[in-house]
Structure formats: C-alpha cells, structure tokens
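As structure tokens, the structure follows; a few thoughts come after it.
Counting starts at 1 for both ligands and their atoms, in listed order. Because only heavy atoms are used, hydrogens play no part in the values below, and waters and symmetry mates are left out as well, while side chains stay in.
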Amino acid sequence: MLPFKLIYSGAYYLPIGQHVFPAEKYKRIHDQLLAEGIAEADDFLEPQPATDQDILLVHKPEYVHKLKTGTLTPREELEMEIPYSPELVEAFWLAAGGSILAARHALTDGVGISIGGGFHHAFPDHGEGFCVIHDVAVAIRRLQRDDKIRTAMTVDCDVHQGNGTAAIFAGTRTASALLPSAGASTLDSSTLNSALPGKIRGAHAGDVFTISLHQHNNYPMWKPPSSIDVDLPDGIGDDDYLAWLDNALSSGLRQFEPDLLCYVAGADPYREDQLGGLSLTIEGLKRRDELVFHVARTRNIPVMVTYAGGYAEKVEDTVTIHCNTVIAAKEIFVVTK
Ligand SMILES: [Zn+2]
C-alpha cells in the first residue's frame, strides 16, 4: 500500500464529448495505476462534491448562480471552451471536493494526490480554457477557513500560465517587479539568463504565494502577474526547464514559508503535446515531479497534487506522464520516510 492517498472518482469524467481535452484520462490513469501494480484499490479514496459554500469562498455568487441555473450568456459559454451542461457543473463541484480531500490528506501524510483537478484558468466570475471552477483555490480557502493552514504556495508546471490562480490570489499583491538574481540556487542565474531568453519576474505580499512556470508564447494572452512568473521560451528541453524550476522554487521558498504546497502537475510541457510548445520528454517530466517532491519533502512542506492539462497526440503518453507523478511521489515519500 502507498503511504499516501490517491483521490479519485469515476465521476471526475468531464461530459464534453469528443474534445482535445481527453476527459477519459482520469479513468485511464486509475486503471493503469492498478494494472501496473503502482497502486492498490485501497489506496484510492472517493471524494464528495464541494458544497456551494466552499465554491463561494472563491467564486462570485452571480457566477455560481448562472452555473447552477444554466443561465450563462453564449459568450460566457464560448469562453469556457467546453460545452455547458448541469452534469459538467457537477463534475467541477466534485473536482473541487477532490482537491479539498487531497489537501487534507497532504497535511496528515505529507502528500495527497487528486487524479483530477488543477483547473487553473477559472476566475472568480467566469470560466475559461476548459476550466469552470478553480478547485485548487477552493481547497486552499476551505483549509484556511477550517484553520488547518494559514499560508499556501501554488507551483504551477502546466505549460499554460495559471492566470486564474494569479487573479484569485492577487488581492494584496504589489506590482510585478524583476526579481534579484538568485543566490542559493544550484544554478547561477546569470548563466541561465545569457543562455536563454526566458524571464523570471515577480513580487509578493499575500497569504498565498503563486509560482507559474509556463511557455510565454502561448495561451493565455493576458497573463496577470503571479508572485513568480517564469516565462519560458518556445521549445526548451528537460535540463533548461528543470534549472528554471529549481531556481523558481528556491527563490519562492526564500521569500515565503507555506503551510501547504499545491503542485499543479500539468502533462502539457511534453514535446508531443498538441497545445504546448515546449520539448520536455516523459522522463524529464518525471524528474520535474521528483524535484518538486524532493524540495517539499526536505523542507517538510505538505504537498497536494492536481493534474491540470495534457493533450499529447497519443492519450497513452498523457496517461503515462500522470501515472509517473504517482511513481515519483512513491519514490520520494517511501524511500525517505
Ligand atoms: Zn495547460
């Protein structure tokens, strides 16, 4: 048995029909984890949907009302880029419940993984980019309300910038500014800057510190400032990516001490992704997961994981990348525990 829980429900499936978002990926990940003996049936916990009260900790009442009554405007539906249905709304309430449960288990077990969620493009008053409800933000606000945590850090490694996350937690943020060069990182940032046109920028003054590592030249067009944004150039590969991630984590954790780390483990930095333009390998993505887990483990910061995007030409690649996240957690949290 795993020393942590996997949060999953068959009802994570998003009823969106044929779509670039492979809604069947959640079930396929679940099945592959069992088939390959990575997890056992008892490792999985079934979440309950979030309550409306939970959702309202992040989202505007008008928006929640529209979702529940099917009264979004055509323009609002279009912006979500997935077809509205009452069943879709249920799936997002469940994803938020799954993230709450994963976060709770992270606090007791060191790590908790939801085989779903990571809908980082949802804003308080609207959905976009396949995201209706910001499940991670709901989980953070719920745990804060329950006095389980005071602070949190989001580490968003989906290839697309976490615009919803940045907007939701921007309340007390100061204007974005260039960060001073990193000192304690394993990587000399002056070398990085001369080797790559990527940029690291940020500023922070809130209770939730947001890090987003993403392809600059990709959706969303408008990128509201995170605490740290790493704007990566097109086509960067494993080693450069991992160096930037290491640098951003070191920088963030020098500035901020989170009670919970929320890792958004998107599979779309993969080099064969249809909606991404970076060049990471499947192995490189696993090293990315290991890096995040290693940093959290050595600093005793609980990690909750959500899966976000993944649009590989072959769905099995997306499934493998997500399964590897569980393997990485197993390696880091079993061996060193
Ligand atoms: Zn994405």
Side-chain angles (χ1 to χ4, degrees), residues 12 14 16 19-26 28-29 79-82 91-92 95-96 99 113-123 126-137 154-168 198 210-224 226 228-238 241 244-245 248 262-282 284-286 288-289 292 304-315 317-325:
Y12 272 178
L14 299 179
I16 56 177
H19 195 281
V20 68
F21 189 101
E24 73 278 19
K25 78 174 181 177
Y26 306 125
R28 288 185 59 168
I29 297 162
E79 214 176 359
M80 294 194 320
E81 297 188 82
I82 44 177
F92 275 96
S99 292
I113 301 179
S114 179
I115 310 294
F119 296 110
H120 59 159
H121 302 309
F123 284 71
H126 74 276
E128 61 176 71
F130 320 151
C131 302
V132 175
I133 289 295
H134 200 307
D135 55 291
V136 177
T154 60
V155 178
D156 189 338
C157 290
D158 189 277
V159 81
H160 304 102
Q161 195 241 8
N163 55 348
T165 321
I168 288 165
T210 55
I211 297 178
S212 178
L213 200 79
H214 50 263
Q215 184 189 5
H216 178 67
N217 181 28
N218 203 328
Y219 169 88
M221 281 279 283
W222 177 63
K223 298 176 175 64
S226 312
I228 294 179
D229 281 297
V230 183
D231 298 322
L232 298 169
D234 297 353
I236 82 164
D238 295 343
Y241 184 96
W244 281 108
L245 175 59
C262 303
Y263 176 35
V264 179
D268 49 13
Y270 179 45
R271 61 182 175 187
E272 288 174 36
D273 196 273
Q274 300 173 82
L275 301 185
L278 300 184
S279 298
L280 275 75
T281 64
I282 290 178
L285 286 157
K286 179 159 179 279
R288 172 197 72 169
D289 297 339
V292 174
M304 71 90 95
V305 183
T306 54
Y307 274 171
Y311 316 93
E313 282 155 32
K314 297 181 203 140
V315 178
D317 287 350
T318 297
V319 170
T320 296
I321 292 163
H322 287 316
C323 285
N324 282 347
T325 304

### Message
Need the atom name: nearest N/O/S atom of D158 to the Zn ion (ligand 1).
### Response
OD1

### Message
With carbon and hydrogen excluded and only N/O/S kept, which atom of D268 is nearest the Zn ion (ligand 1)?
### Response
OD2

### Query
Got a sec: is H160 within less than 2.8 Å of the Zn ion (ligand 1) via an N/O/S atom?
yes

### Task
Would you mind reporting whether K223 and N163 have side-chain heavy atoms less than 4.5 Å apart?
no

### Query
Side chains of D156 and H214: is there a donor and an acceptor less than 3.5 Å apart?
no

#### Entry: Side-chain donor-acceptor contact under 3.5 Å, T325 with Y307
no

### Task
Give me the ring orientation class for F130 and F21: parallel if the planes are under 30° apart, tilted from 30 to 60°, perpendicular past 60°.
perpendicular

